[in-house]
Amino acid sequence: KTAFRVMDEAVSNKGMGGILEAAAARLFPESYREQHPGLVNACKAVLLRADPTAFVNACRTLGKLDLREQVTLINNPTLVVFGSEDAATPPPMSHELAALIPGSQLIELKDCGHAPQIQQPDTLLQAISPFLKAHCRLSTKNKRRRCMAHVTVNGQDIYYVDQGQGSPIILIHGLAGDHTAWHPQMEWLKGSYRIVALDNRGAGKSTQRDEPVSTEQMARDVLALMDH
């Protein structure tokens, strides 16, 4: 919660540029940042494109958020994957989350930070593939869909990419990111599943009005997109 308050103040005073170094440190371990400066700079460029107002509103919402009671009601098969070096969501939080969700599975990615889809894309795919095969229908069709579009849901203009066939998998990016963070996984998964990746309100190519935002609103955006 302190981290969200600090980021709120930094962006309010200096814009998105005020958190670039801190955000990179939260996303990736120091050794990875030193070895992959180009990729880290690309992630910083995505942060700079984020809407500062939407980011501040999201920080204020996340700083107050506690869904520990609600997650105990999840009854779908659940897999929790986390990086052993995650500075943004420390491993004890992932262990607590898995313990709260009945019947969930837990996988740790060694030497990985907060963004395994970027830092260890192949390892992440290997980790989630058995779970997906166990719970999702594989596509047997040769024809693949490919759609990139905007849709108005809940008064917001939401951008999304829709690719592949089979059981749908919704890919949702993190704070101040956009759907491009999932590109490595999208390229592999679209061969067997229907992949829908969106930009949350105020991120990427989606719009956001200057108003408070909540995780419930963003969840409703996803539900409306699924019904579209």
Side-chain angles (χ1 to χ4, degrees), residues 3-4 7 11 16 19-20 22-28 32 39-62 65 67 79-83 86-89 93-94 97 109 112-121 123-125 127-128 132 147-151 153-154 156-164 168-190 193-208 213-226 228:
F4 289 121
M7 290 191 293
V11 173
M16 295 304 299
I19 62 161
L20 292 184
R26 285 170 61 83
L27 285 174
F28 305 112
Y32 185 84
L39 191 147
V40 173
N41 286 334
C43 290
K44 290 179 180 179
V46 173
L47 285 171
L48 283 173
R49 294 198 298 267
D51 183 327
T53 300
F55 182 87
V56 167
N57 287 335
C59 282
R60 292 173 182 174
T61 296
L62 291 171
L65 191 66
L67 297 176
L79 172 64
V80 178
V81 182
F82 69 97
D86 190 338
T89 307
M93 296 181 68
S94 293
L97 176 63
L109 303 184
C112 189
H114 187 63
Q117 75 276 20
I118 300 173
Q119 183 180 345
Q120 296 184 7
T123 303
L124 176 61
L125 284 172
I128 66 175
L132 293 177
C147 171
M148 293 176 285
H150 286 82
V151 60
V153 297
N154 302 323
Q156 302 291 332
D157 186 34
I158 300 297
Y159 178 82
Y160 69 98
V161 177
D162 187 349
Q163 300 179 340
I169 297 175
I170 311 296
L171 299 177
I172 305 173
H173 63 81
L175 180 63
D178 62 28
H179 77 281
T180 61
W182 293 106
H183 272 173
Q185 289 73 37
M186 291 167 64
E187 289 303 309
W188 186 86
L189 292 170
K190 70 181 183 182
Y193 308 97
R194 179 181 177 185
I195 305 303
V196 180
L198 71 150
D199 289 339
N200 287 327
R201 52 173 66 193
K205 298 180 180 179
S206 296
T207 61
Q208 164 64 28
V213 63
S214 68
T215 53
E216 181 178 353
Q217 288 174 321
M218 290 189 284
R220 291 185 183 280
D221 291 344
V222 176
L223 289 173
L225 178 61
M226 292 169 64
H228 175 64

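All residue numbers refer to positions in the sequence shown, counting from 1.
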message = If the condition is ring-ring contact (aromatic ring centres under 6.0 Å, His included), which residues does Phe82 pass it with, not counting sequence neighbours?
response = His95
query = Can you tell me how far the CZ atom of Arg220 sits from the OG1 atom of Thr215, to the nearest 0.5 Å?
reply = 10.5 Å
query = Atom CD1 in Ile195, atom NZ in Lys190: separation rounded to 0.5 Å?
reply = 10.0 Å
request  = Would you check if the side chain of Gln156 reaches a backbone N or O of Asp221 as a donor-acceptor pair within less than 3.5 Å?
outcome  = no
query = When you measure from the side chain of Asp199 to the backbone N and O of Lys205, does any donor-acceptor pair fall under 3.5 Å?
reply = yes
request  = Would you mind reporting whether Trp188 and Pro121 have side-chain heavy atoms less than 4.5 Å apart?
outcome  = no
key: The single option from Val56, Leu65, Leu62 passing side chain to side chain contact (heavy atoms under 4.5 Å, CB included) against Phe4   = Leu62
note = Sequence neighbours excluded, the answer for side chain to side chain contact (heavy atoms under 4.5 Å, CB included) partners of Ile170 is Ile172, Val196, Leu198, Val222, Met226
key: Audit row: Met186, Val161, side-chain contact (heavy atoms from CB on, under 4.5 Å) steps and yes/no   = CA-CA 10 Å; Met186 291 167 64; Val161 177; 3.8 Å; yes
ask   = Do the non-hydrogen side-chain atoms of Arg194 and Gln163 ever get within less than 4.5 Å of each other?
value = no
remark   = Heavy-atom nearest pair, Leu79 first then Ala127, reads CD2-O, 4.1 Å
query = Does Thr53 offer a backbone N or O that forms a donor-acceptor pair with the side chain of Asp51 under 3.5 Å?
reply = yes
message = Test of understanding: with ring-ring contact (aromatic ring centres under 6.0 Å, His included), list the residues that count as partners of Tyr159, not counting sequence neighbours.
response = His150, His179
remark   = For Ala87, the side chain to side chain contact (heavy atoms under 4.5 Å, CB included) test, sequence neighbours excluded, returns none
task = Could you tell me whether a side-chain N or O of Asp86 sits under 3.5 Å from a main-chain N or O of Thr89, the two making a donor and an acceptor?
result = yes
message = Can you tell me how far apart CG (Leu48) and SG (Cys43) are? Round to the nearest 0.5 Å.
response = 11.5 Å
message = For His173 versus Ala203, what's the shortest heavy-atom pair and its separation?
response = CE1-CB, 3.6 Å
message = For a quick test of reading the model, state the closest non-hydrogen atom pair linking Cys112 to Gln119 and the distance between them.
response = CA-NE2, 3.7 Å
request  = Under the side-chain contact (heavy atoms from CB on, under 4.5 Å) rule, what do Phe55 and Met7 come out as? Steps first, then yes or no, please.
outcome  = CA-CA 9 Å; Phe55 182 87; Met7 290 191 293; 4.0 Å; yes
message = Just so I know, are the side chains of Leu125 and Leu189 near enough to count as touching, which here means a heavy-atom distance under 4.5 Å?
response = yes
remark   = Minimal heavy-atom distance between Ser206 and Arg201, with the atoms involved, is CB-CA, 4.2 Å
message = Would Ser94 and Val81 count as a side-chain contact (heavy atoms from CB on, under 4.5 Å) here? Give the steps.
response = CA-CA 8 Å; Ser94 293; Val81 182; over 6 Å; no
query = Rounded to the nearest 0.5 Å, how far does CD1 of Ile118 lie from CD of Gln185?
reply = 8.5 Å
message = Tell me the closest heavy-atom pair linking Gln117 and Ala181, and the distance in Å.
response = CG-O, 3.2 Å
ask   = How about Leu175 and Cys59: do any of their side-chain heavy atoms sit closer than 4.5 Å?
value = yes
request  = Tell me, please, which residues at least two apart from Phe28 pass ring-ring contact (aromatic ring centres under 6.0 Å, His included).
outcome  = Tyr32
query = Taking atom CD1 of Ile128 and atom OG1 of Thr123, what is their separation to the nearest 0.5 Å?
reply = 11.5 Å
ask   = Tell me, which pairs form a salt bridge (Lys or Arg N to Asp or Glu O under 4.0 Å) where one or both residues lie in residues 170-184, sequence neighbours left out?
value = Arg49-Asp178
inquiry  = With rounding to the nearest 0.5 angstrom, report the CE to CD1 distance, Met218 to Ile158.
reply    = 10.0 Å
